[in-house]
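Right, one structure below, let's go through it.
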Amino acid sequence: MLLTKSDSEEQFTGPLEAGLETCMQRALSVLRESGNRPNFPEWYQTVVREADMAEPSPVRGSMIIKPWGYGVWEQIQKILDGRIKDTGHENCYFPLFIPLSFIAKEAQHVEGFAKEMAVVTHHRLKMIDGKLQPDPTAKLEEPLVVRPTSETIIGDAFSRWIRSHRDLPMLINQWANVVRWEMRTRLFLRTAEFLWQEGHTAHADAEDAMGETLKMLEVYRSFSEETLAMPVIAGEKSANERFPGADKTYSIEAMMQDGKALQAGTSHYLGTHFAEAQNIRFQNDAGELLFCHTTSWGVSTRLIGGVIMSHGDDDGLRLPPAIAPRQIVIVPMLRGKPEDADVLTFGEKLAADLRQQTAFGERLRVLLDTKDIRSAEKRWNWVRRGAPIIIEIGPRDVAGGAVTFMRRDALRDGDKVKSTNAPRDQFIADAPRLLAEIQGQLFTEAKTRLDSNIRRDVTTMAELEAFFGASTGDDDEAAEFKGWVRVAWSRPDGHELQQIENALKALKLSIRNAPLDQPSNYANCIFTGAPGVEEILIARSY
RNA sequence: CGGGGCGUGGCGCAGCCUGGUAGCGCAUCUGCUUUGGGAGCAGAGGGUCGCGUGUUCGAAUCACGCCGCCCCGACCA
């Protein structure tokens with residue numbers, strides 16, 4: 001584990017040096033050899049690379065998702081898509097390009113996204129003065145925007161598709177890429193182009209739309225916890241953190257191993273703003289023409305960044321079995337000798353028999369790794385990639401009808417790698433249970449970290465400041481594990497809220513959300529001293 | 001866009017101050033020996049030193065301009 005200790009107050013005061021110094025020392029050779037003092041962001045980038053998940057692309061701020069990383073995304077897609085369909089939604093595909101005028105219709109939406117959009121202005125290139133450049137005579141009459149999100153173009157379709165209350169609710173989802181011209185980017189966590197799903201729905205009234213908003217928030221919460229083994233806190237964003245054009249924005253927030261919060265998914269109730277901007281109307285059973293209430297909700301490839309920062313350790317990535325592209329990898333111990341053939345045959349049969357088993361409702365995903373490299377190196381490659389179970393088979397196993405395996409969630413016993421020997425048939429029968437156990441173990445570790453690192457005893461700004469430390473721009477200070485603080489507030493808005501957020505910002509803090517589960521009575525507001533009406537989470541964040 | 005730093009084989013770096021035909025570790029390839037917990041030895045391949053201009057007999061090294069990347073701000077899933 002990286003930065004956490006399981007209980008007591010140690011995690012609030014103890015800096016991470018012990019964890020940082022040993023971080024990556026064994027497994028991630030590049031860092032070890034560079035002589036640089038590892039820190040969490042550096043650890044993260046190293047894991048992304050060493051686990052073969054993704055790499056930076058020649059295009060600024062964009063990444064290449066490699067097969068192992070994309071395999072994780074495919075699992076996420078498959079499982080989440082099932083849940084989205086189970087809740088009554090259908091998939092569509094809308095265009096990448098959006099006419100500029102569509103975006104311009106909703107004022108807040110414009111304001112929120114104007115600064116980060118990629119714009120297409122020409123439709124042809126031309127060689128001028130020996131340079132290939134946009135042809136001045138091929139200028140588009142109306143610029144096209146590369147979608148940063150699709151509310152406007154889907155809303156436009158809704159305005160044609162919806163006529164009657166019988167057309168409602170309209171429940172649409174799409175899997176797509178979107179582009180936001182972010183200033184600072186990091187692999188998976190924030191890239192200029194990213195993959196996501198975006199749900200867009202229209203409803204007859206506010207109640208139905210709010211029901212949808214919260215239903216999908218719950219889908220995200222359960223998906224994150226059950227499938228990604230990443231515990232989250234679901235809650236409502238403060239007024240200033242709302243999606244541009246939304247009436248209410250909800251999020252799930254996960255705690256990373258450096259104590260920072262990661263917004264892992266959002267669900268928005270958009271009121272009738274987009275319906276009014278785009279004329280999405282229906283006739284009710286009384287014959288009245290009314291505006292629809294719409295919602296939108298999404299999760300992205302950022303989830304993969306969350307998985308890495310939730311479960312990774314000093315040996316690299318640890319993948320929850322539910323999303324591991326290969327749940328069990330068999331490494332044959334080949335030595336360039338005649339008995340290799342027996343080992344391979346044994347391995348093929350083992351793989352085939354394991355594939356007959358099911359876990360998480362699907363056949364086991366098993367790989368016999370026959371690549372022609374040293375067995376020891378092969379094993380560590382799979383450790384770094386986070387394959388949940390790594391089996392080694394050699395002549396001794398073949399002779400004894402046994403397998404030797406390692407659990408990635410409990411790789412080491414002290415400094416030694418821990419392996420278990422089991423009869424072949426028994427292992428096959430046990431494999432589904434083992435995978436479920438690993439999934440549960442990863443969740444439990446992360447859940448313990450989350451639950452034991454939310455402080456509830458901070459009641460004044462002075463204490464908040466003392467806890468998180470003054471903002472000096474000092475890197476080491478920022479890297480220290482702090483966790484989150486849960487406080488009561490009086491939910492001020494407008495200028496007062498802005499001032500509060502500015503004060504928090506000076507401490508590199510932000511309001512993450514107001515958790516859905518609230519107590520029955522409240523302490524006084526930490527900011528205003530007025531009676532509290534709600535509890536909120538405050539943290540450093542990604 | 002402001003402030004700071006950095007661009008040298010795939011990766012991580014040295015060399016620059018004090019100009020003289022480019023070096024180290026890891027990785028890669030070949031061979032031999034090894035192999036049940038990240039192998040050893042020997043050899044080999046691979047570099048427009050970010051780009052351009054200038055100074056100079058000679059530029060990775062000095063000067064000027066440009067480009068790109070990283071960190072800190074502003075922005076954000």
Side-chain angles (χ1 to χ4, degrees), chain A residues 25-36 39 41-42 45-46 49-50 55-56 58-61 111-117 148-149 178-186 188-198 220 237 241 243-244 249 251-254 261-268 296-306 315-316 331-337 340 343 373-384 390-398 402-404 406 411-413 415-419 421 471-475 478 505-506 508 510 541-542:
Chain A
Q25 277 179 1
R26 291 182 295 250
L28 303 180
S29 54
V30 174
L31 273 188
R32 186 178 54 216
E33 285 145 18
S34 72
N36 294 332
N39 55 37
E42 199 171 349
Q45 291 193 337
T46 306
R49 183 175 64 239
E50 296 287 310
E55 63 182 28
V59 182
R60 178 201 163 277
E111 202 180 319
F113 284 104
K115 280 184 278 187
E116 53 183 52
M117 288 198 278
T149 177
V178 289
V179 169
R180 298 180 188 177
W181 214 256
E182 301 291 354
M183 290 309 190
R184 276 183 70 191
T185 59
R186 303 179 67 183
F188 288 116
L189 299 176
R190 180 173 300 111
T191 45
E193 177 184 3
F194 58 93
L195 306 181
W196 76 344
Q197 64 62 223
E198 48 180 326
Y220 289 158
K237 286 297 213 185
E241 303 265 330
F243 175 78
T249 287
S251 72
I252 52 170
E253 304 279 336
L262 181 77
Q263 180 172 307
T266 49
S267 185
H268 315 288
S296 68
W297 28 272
V299 298
S300 72
T301 37
R302 170 179 266 196
L303 289 177
I304 297 174
D315 289 300
V331 176
M333 310 298 292
L334 303 176
R335 308 197 297 173
K337 294 187 175 164
D340 283 2
V343 174
I373 54 174
R374 288 176 52 81
S375 305
E377 190 176 342
K378 215 183 279 188
R379 173 202 319 127
W380 285 103
N381 284 343
W382 289 112
V383 167
R384 280 192 290 262
I390 300 164
I391 302 178
E392 292 177 328
I393 50 170
R396 286 210 298 273
D397 298 301
V398 174
V403 299
T404 305
M406 297 175 293
L411 183 69
R412 291 174 187 273
D413 186 3
D415 266 352
K416 290 180 72 175
V417 171
K418 190 164 65 184
S419 66
N421 194 268
S471 169
T472 57
D474 188 326
D475 284 353
K505 196 174 195 169
K508 297 187 176 181
S510 57
S541 75
Y542 280 93

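Chain identifiers are assigned alphabetically (A, B, ...) following the order of the sequence lines, protein sequences preceding nucleic acid strands; residue numbering begins at 1 within each chain.
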Can you tell me how far [atom1] in [N] sits from the matching atom in [M], rounded to whole Å?
| N | M | atom1 | value |
| --- | --- | --- | --- |
| B/G12 | B/A27 | P | 15 Å |
| B/G9 | B/A60 | P | 14 Å |
| B/C11 | B/U53 | P | 26 Å |
| B/G46 | B/C32 | P | 23 Å |
| B/A14 | B/G25 | P | 16 Å |
| B/C24 | B/U8 | C1' | 12 Å |
| B/G20 | B/C6 | C1' | 27 Å |
| B/C17 | B/C1 | P | 32 Å |

What's the closest nucleotide to the [X] side chain, out of [options]?
| X | options | result |
| --- | --- | --- |
| A/Glu392 | B/G38, B/G36, B/G37 | B/G37 |
| A/Asp315 | B/G73, B/G36, B/G38 | B/G38 |
| A/Met333 | B/G73, B/G36, B/G37 | B/G36 |
| A/Glu377 | B/G36, B/A39, B/U28 | B/U28 |
| A/Lys508 | B/U28, B/G37, B/C72 | B/C72 |

Between [X] ([atom1]) and [N] ([atom2]), how many Å, whole number?
| X | N | atom1 | atom2 | answer |
| --- | --- | --- | --- | --- |
| A/Arg384 | B/A27 | CZ | P | 11 Å |
| A/Leu334 | B/U34 | CG | C1' | 15 Å |
| A/Ile390 | B/G38 | CD1 | P | 15 Å |
| A/Ile393 | B/G37 | CD1 | C1' | 17 Å |
| A/Glu55 | B/C69 | CD | P | 16 Å |
| A/Gln45 | B/G12 | CD | P | 10 Å |
| A/Arg374 | B/C29 | CZ | P | 13 Å |
| A/Trp380 | B/U35 | CH2 | C1' | 16 Å |

Checklist entry - Any sub-3.5 Å donor-acceptor pair from A/Arg180's side-chain atoms to A/Thr191's backbone N or O? => result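 Pair absent, no side-chain N/O of A/Arg180 close to backbone of A/Thr191.
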
Under 3.5 Å on both distances, the Watson-Crick or G-U partner of [N]:
| N | answer |
| --- | --- |
| B/G68 | B/C6 |
| B/U53 | B/A63 |
| B/A42 | B/U30 |
| B/C16 | none |
| B/C1 | B/G73 |

Item to check | A/Arg379 and A/Glu392 ion-paired at < 4.0 Å | outcome: yes

Please give me the minimum heavy-atom distance between [X] and [Y], naming the atom from each residue.
| X | Y | answer |
| --- | --- | --- |
| A/Phe194 | A/Ser300 | CD1-CB, 3.6 Å |
| A/Phe113 | A/Pro148 | CD2-CB, 3.8 Å |
| A/Ile393 | A/Val403 | CG2-CG1, 4.2 Å |
| A/Leu262 | A/Gly306 | CD2-CA, 3.5 Å |
| A/Asp340 | A/Arg335 | OD1-N, 3.0 Å |
| A/Tyr542 | A/Arg190 | C-NH2, 3.8 Å |

Next on the checklist: So, using ring pair (Phe, Tyr, Trp, His ring centres under 6.0 Å) as the criterion, who are the partners of A/Trp181 when residues are at least two apart?
Outcome noted: none

Strictly under 3.5 Å: I want the nitrogen or oxygen pairs between protein and nucleotides 75-77 of chain B, one per line.
residue : atom : partner  : partner atom : Å
B/C75   : OP2  : A/Lys505 : NZ           : 2.4
B/C76   : O2'  : A/Glu182 : OE2          : 2.9
B/C76   : O2   : A/Arg190 : NE           : 2.0
B/C76   : O2   : A/Arg190 : NH1          : 3.0
B/C76   : O2   : A/Arg190 : NH2          : 2.0
B/C76   : N3   : A/Arg190 : NH2          : 2.9
B/A77   : O3'  : A/Gln263 : NE2          : 2.9
B/A77   : O3'  : A/Arg302 : NH1          : 3.1
B/A77   : O2'  : A/Gln263 : O            : 3.0
B/A77   : O2'  : A/Arg302 : NE           : 3.4
B/A77   : O2'  : A/Arg302 : NH1          : 2.6
B/A77   : N6   : A/Thr191 : N            : 3.4
B/A77   : N6   : A/Thr191 : O            : 2.6
B/A77   : N3   : A/Ser300 : OG           : 3.3

Next on the checklist: Distance criterion of 3.5 Å, no angle test: do you see the side chain of A/Ser419 paired donor-to-acceptor with the base of B/G37?
Outcome noted: yes

Next on the checklist: Need one value for A/Thr404: base, sugar-phosphate or nothing, where a base atom within 4.0 Å counts as base even if backbone is also close, heavy atoms only.
Outcome noted: base

